[in-house]
Amino acid sequence: MSFSAEVKEELSRHVPEARHCCIAELSAIFELCGRVIYTEKGKIYIKIHTENVAVARKYFTLLKKSFNIIGDVSVKRNIYLKKSCIYTVTVADDAMSRKILLAARLMNFSGEIEENYSLTDNLIIQNPCCRRAYLRGSFLAAGSISDPQKTYHFEITCTNAEKAEQLQQMMIYFEVDAKVVLRKKYYVVYVKDGSQIVDMLNVMEAHNALMALENIRIAKEIRNSVNRQVNCEMANINKTVLAAKKQVEDILYIKNTVGFGELTEGLREMAQIRIEYPEASLVELGRMLSSPVGKSGVNHRLRKLSQIADELRERK
């Protein structure tokens with residue numbers, strides 16, 4: 001099971017206590033994967049289609065708890081994807097369908113069905129708890145989350161810009177910096193920051209998934225920190241090796257050109273020890289001198305030797 005499926009499975013089993021939160025979540029699911037169908041006699045009935053059994057189960061549960069309705073559930077195999085099924089939950093009664101649409105703010109009080117009525121008259125998401133439920137239903141119906149072992153990406157797909165903007169503003173209300181992008185003919189509300197996705201899971205009350213994601217994030221951060229430290233140490237080692245190689249080359253150039261006779265006693269001793277111990281650190285070189293000096297003193301003498309070598313090269 002993918003991480004996205006695990007999150008949806010957890011959310012499908014979280015049923016709000018308050019009826020208004022149930023209606024908010026039901027409304028979100030219906031808006032993103034539901035349909036209103038007219039009969040020849042002017043009656044209506046409503047249904048949702050989904051390929052995720054967790055979504056169908058949650059919608060069925062919300063209908064039962066909010067309106068005491070037992071939806072008709074049917075399962076069909078997807079002719080294009082033979083391994084997957086399409087789950088349909090239908091409310092066939094006209095009066096009950098209208099009651100649900102009215103409560104979900106998809107029908108106005110004149111009995112007219114308006115797809116964007118919930119955008120302008122959004123009483124069902126006035127309370128923070130209802131906004132959480134609405135975002136939870138939206139993710140169940142049209143959301144996905146990537147495997148956090150690979151990358152961080154959370155998204156909800158909408159059919160129009162207005163719905164995407166509404167979801168974006170709800171996420172921003174919970175201090176989640178969501179973005180909207182047009183992908184083909186759909187508008188996608190997405191979050192790419194790991195910590196922000198953790199916040200979204202907390203908003204939707206997917207606490208088990210939140211803990212799993214946090215554990216993965218901590219492990220990745222530790223691994224990245226160790227890698228950075230190793231890379232830094234390797235860079236320092238390479239830098240030290242190259243510097244030592246240059247110092248030895250300069251000292252040998254002096255030796256082969258004019259010899260060490262004109263050098264001061266301190267520089268001569270430094271040159272001989274560096275040739276003898278090319279892999280030693282500056283601290284170790286300082287301790288080997290007859291009169292030990294610190295790292296800065298060794299560095300000063302080696303720079304002086306390099307300067308002398310450069311002057312000899314220029315003369316030549």
Side-chain angles (χ1 to χ4, degrees), residues 4 7-8 11 20-21 23-38 44 46-52 55 58-59 62 86 89 97 100-146 151-206:
S4 186
V7 175
K8 290 191 176 186
L11 293 178
H20 50 82
C21 291
I23 293 175
E25 189 168 351
L26 184 147
S27 174
I29 294 173
F30 185 83
E31 284 185 64
L32 293 171
C33 64
R35 292 175 59 194
V36 180
I37 301 171
Y38 291 86
I44 66 168
I46 60 174
K47 62 168 60 177
I48 68 158
H49 296 276
T50 178
E51 293 182 0
N52 193 318
V55 180
K58 184 63 174 289
Y59 184 75
L62 292 171
I86 297 177
V89 182
S97 296
I100 294 168
L101 291 173
L102 186 63
R105 289 298 186 270
L106 294 172
M107 175 184 285
N108 61 28
F109 291 99
S110 299
E112 298 173 336
I113 297 172
E114 297 181 4
E115 184 178 355
N116 293 328
Y117 186 44
S118 64
L119 299 176
T120 56
D121 186 18
N122 55 356
L123 294 176
I124 59 172
I125 52 174
Q126 292 265 326
N127 300 324
C129 58
C130 294
R131 295 183 184 184
R132 291 176 182 270
Y134 194 90
L135 287 170
R136 182 166 57 243
S138 298
F139 177 77
L140 275 168
S144 66
I145 183 170
S146 64
T151 185
Y152 299 127
H153 187 83
F154 172 100
E155 69 175 41
I156 299 175
T157 304
C158 306
T159 55
N160 59 70
E162 292 78 11
K163 175 56 63 179
E165 184 179 350
Q166 182 191 39
L167 293 177
Q168 180 190 28
Q169 291 304 315
M170 271 194 271
M171 293 181 191
I172 291 174
Y173 172 83
F174 290 107
E175 299 183 353
V176 175
D177 186 22
K179 309 292 184 184
V180 178
V181 65
L182 178 62
R183 185 187 299 162
K184 295 183 179 179
K185 61 179 181 179
Y186 297 102
Y187 292 85
V188 180
V189 188
Y190 69 93
V191 179
K192 296 188 75 69
D193 180 74
S195 62
Q196 295 271 285
I197 294 174
V198 168
D199 292 341
M200 270 307 303
L201 292 174
N202 185 50
V203 167
M204 298 188 300
E205 299 177 273

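Just so it is clear, the values below take in all heavy atoms, side chains as well, and ignore hydrogens, waters and symmetry mates. Treat the numbers as computed from the prediction; the structure is a model and nothing was measured.
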List the steps and the verdict of side chain to side chain contact (heavy atoms under 4.5 Å, CB included) for S144 and E155. CA-CA 6 Å; S144 66; E155 69 175 41; 3.4 Å; yes
Could you tell me if the side chain of M170 sits less than 4.5 Å from the side chain of V203, heavy atoms only? no
Where is the tightest heavy-atom contact between L182 and K185, given as atom of each residue plus distance? CD1-C, 4.3 Å
Is a side-chain N or O of K192 found less than 3.5 angstrom from the main chain of T151, in a donor-acceptor match? no
Between E162 and E165, is a side chain to side chain contact (heavy atoms under 4.5 Å, CB included) present by the stated rule, with each step listed? CA-CA 5 Å; E162 292 78 11; E165 184 179 350; 5.8 Å; no
Can you find a heavy atom in the side chain of C129 that is under 4.5 Å from one in the side chain of H20? yes
Just by distance, do the side chain of N160 and the backbone of K163 share a donor-acceptor pair under 3.5 Å? yes
Side chains of I145 and M200: does their closest heavy-atom pair fall under 4.5 Å? no
Would you say that more than 12 heavy atoms from the other residues, nucleotides or ligands in this model lie under 6.0 Å from the CD of Q196, or not? yes
Qualifying residue for side-chain contact (heavy atoms from CB on, under 4.5 Å) with I100, from I46, I23, L106: I46
Tell me, do R183 and Y190 make a side-chain contact under 4.5 Å, heavy atoms counted? no
Distance from F154 atom CZ to D199 atom CG, nearest 0.5 Å? 11.0 Å
Approximate separation, where rounding is to 0.5 Å, of I86 CD1 and T50 OG1: 9.5 Å
Does the cation-pi check pass for R131 over Y173, that is, NZ or CZ under 6.0 Å from the six-membered ring centre and within 45° of its axis? yes
If you apply the rule side chain to side chain contact (heavy atoms under 4.5 Å, CB included), what do you find for I37 with K47, and how did you get there? CA-CA 8 Å; I37 301 171; K47 62 168 60 177; 3.7 Å; yes
Using side-chain heavy atoms (C-beta onward) and a distance below 4.5 Å, is S138 in contact with L32? yes
OH/Y134 to CD1/I125 distance, rounded to the nearest 0.5 angstrom? 6.0 Å
Will you find, in the side chains of Y187 and Q168, an N or O donor that is under 3.5 Å from an N or O acceptor? no
Minimal heavy-atom distance between I197 and V191, with the atoms involved, is CD1-O, 3.7 Å
About how many Å separate SG of C21 and CG of L26, when rounded to the nearest 0.5 Å? 12.5 Å
F30/V36 under side chain to side chain contact (heavy atoms under 4.5 Å, CB included): CA gap, chis, key distance, verdict: CA-CA 10 Å; F30 185 83; V36 180; 3.8 Å; yes
Test item: K58 side-chain N/O and L11 main-chain N/O as donor-acceptor pair under 3.5 Å: yes
Salt bridge or not for R132 and E205, using N-O below 4.0 Å? no
Between S195 and D193, is there a side-chain donor-acceptor contact under 3.5 Å, judged purely by atom types and distance? yes
Inter-residue atom distance Y186.OH - T157.OG1, 0.5 Å rounding: 8.5 Å
Where C33 and A141 come nearest, the two heavy atoms and their spacing: SG-CB, 3.9 Å
If you measure from CD on E25 to CG on L140, what distance do you get to the nearest 0.5 Å? 6.0 Å
Give the minimum heavy-atom separation between Y152 and S146, together with the two atoms involved. C-OG, 3.7 Å
Nearest non-hydrogen partners of I124 and A24, listed with the distance: O-CB, 3.7 Å
Taking the side chain as every heavy atom from C-beta outward, state whether L101 and I44 have any atom pair closer than 4.5 Å. yes
